[in-house]
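Letters go in sequence order (proteins before strands), and every chain restarts at 1. What you see is a predicted model, and the numbers here were worked out from it, not measured in a lab.
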Amino acid sequence: MASYNPPVVEPKWQDFWLKNKTFKTPALPSGPKYYILDMFPYPSGAGLHVGHPEGYTATDILARYKRMRGFSVLHPMGWDAFGLPAEQYAIETGTHPRLTTEKNIGNFRRQIQALGFSYDWDREVDTTDPKYYRWTQWIFLLLHDTWYDAVEKKGRPMADLPIPAKVASQGETAVRAFQDSHRLAYQAELPVNWCEALGTVLANEEVVDGRSERGSHPVVRMPLRQWMLRITAYADRLLEDLETLDWSESIKEMQRNWIGRSEGAEVGFSLEKGAGTIRVFTTRPDTLFGATYLVLSPEHPLASAISAEERKEAVRAYQETAARKSDFERTELAKKKTGVFSGAFAINPVNNARVPVWIADYVLASYGTGAIMAVPGHDERDFEFAREFQLPIVAVVRPPQEWLEKTGSTLESLTEAFTGDGVACNSGEFNGLDTGEFKLRISHWLEKKGLGQAKVHFKLRDWLFSRQRYWGEPFPLLHEVNSEGKATGVVEPLAVGELPLELPALEDFRPSGKPEPPLGKAKAWVKVERNGKSWLRETNTMPQWAGSCWYYLRFIDPLNSGSFCDKNLADAWLPVDLYIGGAEHAVLHLLYSRFWHKVLFDRGFLPGAEPFHKLINQGMILGEMEFTAFKKGEVWVSASEVDYDGRQGVEKKTDQALAGQKVAEDQVEKKGDAFVLKAMANIRVDARAYKMSKSRGNVINPDQVVEEYGADSLRLYEMFLGPLEATKPWSMRGVEGVYRFLGRVWRLFIDDRAEHSSLLPSLIMAPPGKETLRFLHQTIKRVTEGLETYRFNTAIAAMMEYVNHLTPLEVKPRPALEPLVLLLAPFAPHLAEEIWQALGNQDSLAYAPWPLAVEEFLKEDAIEVPVQINGKVRLKLTVPPDLDEDALREMALAHEKVKELLAGKTIRKVIIVPGRLVNLVVS
RNA sequence: GCCGAAGUGGCGGAAUUGGCAGACGCGCCGGACUCAAAAUCCGGUGCCCGAAAGGGUGUGUGGGUUCGAUUCCCACCUUCGGCACCA
């Protein structure tokens with residue numbers, strides 16, 4: 001075993017770490033703490049993917065580095081194991097999801113352990129373990145027992161909810177209804193996204209373009225009783241607290257957009273006939289004079305009530321069509337606006353104009369008041385609709401002259417909506433006001449007259465929290481039923497002592513095809529008798545997000561059977577100092593977690609209002625670069641003539657489908673800014689790296705890489721590939737490159753021609769030369785800085801440079817080489833441990849002190865300073881590093897070559913940056 | 001359409017308080033070792049002209065600021081990610 005042999009070295013140290021519990025974290029930190037977290041995986045049947053180890057390697061490197069710097073490091077791993085695939089598999093094969101899940105977890109654990117990550121495995125959690133989901137259920141009950149006090153801006157226990165006297169006087173049922181309507185977890189009958197293929201209701205977030213995010217099955221809307229979580233109560237705090245977080249601006253922006261706070265005004269338009277008022281929400285109250293009609297969403301409660309007798313049938317028909325439309329159809333057909341006139345008119349409060357009330361599905365029932373005032377002159381959607389139905393368009397904001405010219409509009413006749421700010425016109429007493437000023441004035445005016453008030457709305461909706469599936473956490477609640485078996489509306493939470501409420505055994509996992517949850521099949525489980533009453537258990541289950549909302553808390557105190565997490569331990573470890581994971585969770589998981597965390601914080605269980613202090617999203621790793629050429633029959637077609645989405649090519653001018661053909665790298669060459677066939681330089685080739693996918697067949701399996709090159713090479717390669725946050729293509733050749741580097745490090749220490757791992761004879765206890773010493777300390781500095789700023793690629797490059805310096809040395813001074821092992825240890829821990837041991841150390845280097853760069857050794861004796869003439873480098877001076885400006889000028893001007901180049905020219909200016917450059921500006 | 005990120009050799013990438021563009025790795029070319037191959041080691045490698053010395057040119061495109069721009073400003077193009085009738 002003399003040459004570098006990962007298959008022997010790596011399992012040896014993995015066993016060592018496990019056996020010795022090298023990475024066991026104490027219950028409480030001793031000294032400074034560092035909580036570094038990965039987004040735990042869903043253990044799919046497909047196994048690990050090279051995307052997983054990217055983030056895991058980054059966190060592992062930092063965890064190991066922080067340990068060497070004396071931190072108490074909490075670095076755990078677990079499984080987000082509830083969810084659809086295991087259940088789908090159960091439906092297809094009859095295998096219980098428990099078995100599938102256990103098998104998959106076993107496989108994931110094996111794969112992850114083969115990569116040498118320094119997790120404390122004693123803290124492993126599994127969201128499907130009743131000992132875990134007991135506390136998920138407990139948190140749900142806490143949400144159920146919490147209401148949001150808008151004055152104190154805080155979640156508080158139900159016991160604190162003041163009951164208005166009027167409600168109290170109406171009796172127990174009214175009080176209960178009042179309480180239920182304030183809980184953070186509540187039931188609602190509402191149109192949901194029912195996906196028949198998956199047999200479940202999906203959250204809005206899980207529906208993409210009217211299809212399920214998972215599997216892309218059609219989704220239709222239907223009303224159903226659901227559990228909801230009142231995340232909207234926390235919208236403001238979720239928005240404001242983003243400021244306190246060290247997250248990338250783009251992720252924060254995505255969350256802000258998702259929360260979608262918008263300021264505007266609510267205005268009442270009274271109906272011409274009858275006493276009713278239509279309330280609308282607008283962000284442009286300054287355009288009130290331009291409101292030429294109103295629009296109600298088809299689901300608006302007034303929609304049918306206000307309709308004129310002769311329009312009722314048309315309205316009803318339209319409502320029906322709109323209700324039948326799936327979200328998909330709504331967005332697909334959005335190109336052309338539809339709607340019906342209700343026959344009713346309302347009065348514009350600012351100018352008493354009589355405006356028609358229309359019903360159209362471009363207005364959403366779920367946002368604002370479900371009704372809008374339409375200002376076609378200044379809103380693109382209203383403009384489109386007004387055009388379609390020949391409604392009047394009035395300009396009330398004067399667009400700039402250029403805009404009118406560009407669009408061919410006049411103030412009297414707009415060719416498109418002007419949505420910018422400007423100066424008001426056609427607005428009575430408000431004419432001449434700027435948009436901003438107008439908004440303020442009109443809001444006050446409306447408020448004074450009792451016609452409206454300033455108002456804030458959010459795009460964020462309450463969170464639909466129930467699923468009609470088996471493989472999820474059961475809700476720990478009972479519904480009271482009367483003697484006829486009908487629900488009375490009384491809901492009884494289980495006592496804490498009754499948790500966990502375990503999933504019943506089930507043999508048939510098939511969804512019924514109707515939105516009735518499979519748990520309903522467990523008849524004996526569902527029916528409960530207690531206190532002389534009959535009850536039914538809730539048969540919905542929680543969504544996959546539930547378990548992942550709080551797992552980072554359980555890691556702090558994973559075995560606690562009396563609490564989800566001890567308060568003292570939470571105080572000591574929170575917040576998570578660094579959280580790394582994929583950007584696909586930028587909105588949902590992170591928003592949901594923040595919400596739960598805030599509730600737990602409000603209720604006094606946690607020390608701070610935010611869970612994750614710093615967040616980094618690792619970039620996606622794409623497959624290897626692919627070159628694709630196109631053929632029409634037997635004739636090549638240049639890629640510039642083809643629209644190609646990665647699967648299907650279509651010739652631009654004929655719309656004819658073309659067969660894409662993979663071309664080997666050595667068949668193409670770069671010409672200009674594109675790749676062409678070597679054989680035919682006029683035929684361009686599509687060159688791209690694609691997302692890894694089974695169907696494309698470009699998935700890289702980490703097991704294979706480990707087998708061929710070892711875990712250290714995989715780890716190092718994934719970090720060397722480029723910046724952590726960037727999307728980057730995989731290259732097997734690149735893995736080979738870092739593998740060679742590790743081999744060179746090995747041979748720096750170990751005699752690879754010897755029988756056993758013995759040190760090289762040239763490795764001797766001698767003081768290093770000055771240059772080597774400087775190189776070492778510069779390397780320490782660069783690697784340390786790289787780690788502190790998460791730039792692993794450049795840290796690795798620094799070590800490579802140092803190794804390149806050491807390799808040719810005939811005598812290897814041990815004091816200059818030993819620190820290299822420590823620098824490399826976080827990146828390639830197996831190799832480092834093996835060499836460390838060969839150097840005679842008894843203990844693991846996991847807690848060896850990190851090398852420190854000594855300022856004194858970093859200094860250079862001489863540096864090169866470029867001399868530029870008119871910005872072009874003409875020569876370089878070798879000078880002492882601290883040479884001052886005057887001396888540099890003198891040296892530069894005295895130089896033979898400078899004299900030569902300046903002959904006959906006049907020096908206009910001399911710019912000197914000591915230590916950096918000299919620039920002579922001449923004419 | 002809107003929001004965000006990014007465009008640098010054949011490829012991945014490095015360099016930012018504005019100061020030597022291309023570190024490091026891959027690939028490629030040449031050499032050493034070898035009977036040979038692999039492995040390893042040494043040297044070269046942005047592009048153009050040139051035998052060389054040397055010169056020119058160059059960080060998506062076009063402009064600007066500056067002694068000096070990959071870095072700052074304006075406009076545009078392309079790619080990727082997110083949102084998408086949210087009034």
Side-chain angles (χ1 to χ4, degrees), chain A residues 3 209 248-254 256-258 260 262 264 280-284 287 295 330-331 334-335 337 360-364 366-369 371-375 378-382 384-385 457-461 583-584 586-587 617 619-620 622 624-625 665-666 668-670 673 675 687-689 691 716-717 720-723 725-738 740-741 743-744 747 752 791 793-801 803-804 807-808 864-873 875-876 908-913 915-922:
Chain A
S3 56
D209 286 337
S248 74
E249 208 37 54
S250 63
I251 296 288
K252 287 196 203 179
E253 196 56 29
M254 279 164 74
R256 283 188 201 110
N257 291 340
W258 195 265
S262 75
V280 302
F281 175 67
T282 176
T283 54
R284 292 293 301 267
T287 60
V295 186
R330 272 200 175 191
T331 39
K335 280 153 203 151
K337 298 240 178 322
D361 68 359
Y362 84 92
V363 172
L364 305 175
S366 49
Y367 184 74
T369 60
I372 61 153
M373 63 176 208
V375 186
H378 304 287
D379 182 285
E380 282 162 22
R381 298 152 298 180
D382 298 341
E384 227 179 280
F385 190 81
H457 275 288
F458 293 92
K459 215 157 91 179
L460 183 70
R461 315 282 167 76
E584 66 272 23
V587 181
N617 290 113
M620 204 188 327
L622 305 174
E624 298 242 6
M625 173 92 102
E665 197 185 342
D666 58 4
V668 299
E669 62 187 345
K670 186 105 173 197
D673 55 2
F675 282 89
R688 272 173 65 179
K691 225 188 243 193
L716 205 61
Y717 173 66
F720 188 58
L721 198 49
E725 302 190 64
T727 302
K728 33 205 185 265
W730 181 270
S731 154
M732 242 352 154
R733 282 186 181 146
V735 185
E736 208 153 327
V738 296
R740 284 205 282 260
F741 163 69
R744 279 210 297 283
R747 288 189 300 276
D752 72 340
R791 290 189 304 192
N793 53 336
T794 53
I796 294 166
M799 289 187 279
M800 287 175 165
E801 284 180 63
V803 170
N804 289 346
T807 300
E864 279 196 333
V865 173
V867 177
Q868 300 183 336
I869 293 174
N870 287 342
K872 289 195 169 117
V873 180
L875 65 131
K876 286 172 184 177
R908 299 253 169 243
K909 206 167 174 184
V910 179
I911 289 128
I912 295 171
V913 184
R916 302 303 306 235
L917 59 41
V918 176
N919 189 11
L920 306 170
V921 184
V922 303

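When heavy atoms are screened at a 4.0 angstrom cut-off, Ser366(A) is found touching no nucleic acid atom at all. Within 4.0 Å (heavy atoms only), Arg256(A) reaches no atom of the nucleic acid at all.
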Please encode protein proximity along nucleotides 52-73 of chain B as a string of B, S and -, counting only heavy-atom distances under 4.0 Å. ---SSS---------B------

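In this structure G82(B) sits in the anti conformation; its chi angle is more than 90° from 0.
Of the side-chain N and O atoms in Arg740(A), one or more sit less than 4.0 angstrom from OP1 or OP2 of G27(B). Here Arg747(A) reaches the OP1 or OP2 of C41(B): one of its side-chain N or O atoms lies under 4.0 Å away. Phosphate contact (OP1/OP2 of G82(B), side-chain N/O of Ser250(A), threshold under 4.0 Å): absent. Here Asn804(A) does not reach the OP1 or OP2 of C24(B): none of its side-chain N or O atoms lies under 4.0 Å away.
In RNA chain B, runs of at least 3 consecutive Watson-Crick or G-U pairs, each pair with both distances below 3.5 Å, span B:1-7 with B:77-83, B:10-12 with B:24-26, B:27-32 with B:40-45, B:46-49 with B:54-57, B:60-64 with B:72-76.
Under the 3.5 Å distance criterion, the side-chain polar atoms of Asn919(A) are matched with a main-chain donor or acceptor of Gly871(A).
In the set G10(B), A21(B), C42(B), G10(B) carries the atom at the smallest distance from any side-chain atom of Lys670(A). Checking G25(B), C85(B), C20(B) against every side-chain atom of Lys876(A), the shortest atom distance belongs to C20(B).
Nearest heavy atom pair, residue Ile251(A) against residue Ala586(A), reads CD1-CB, 3.4 Å.
Put simply, the side chain of Val738(A) reaches to within 4.5 Å of the side chain of Met800(A), judged on heavy atoms.
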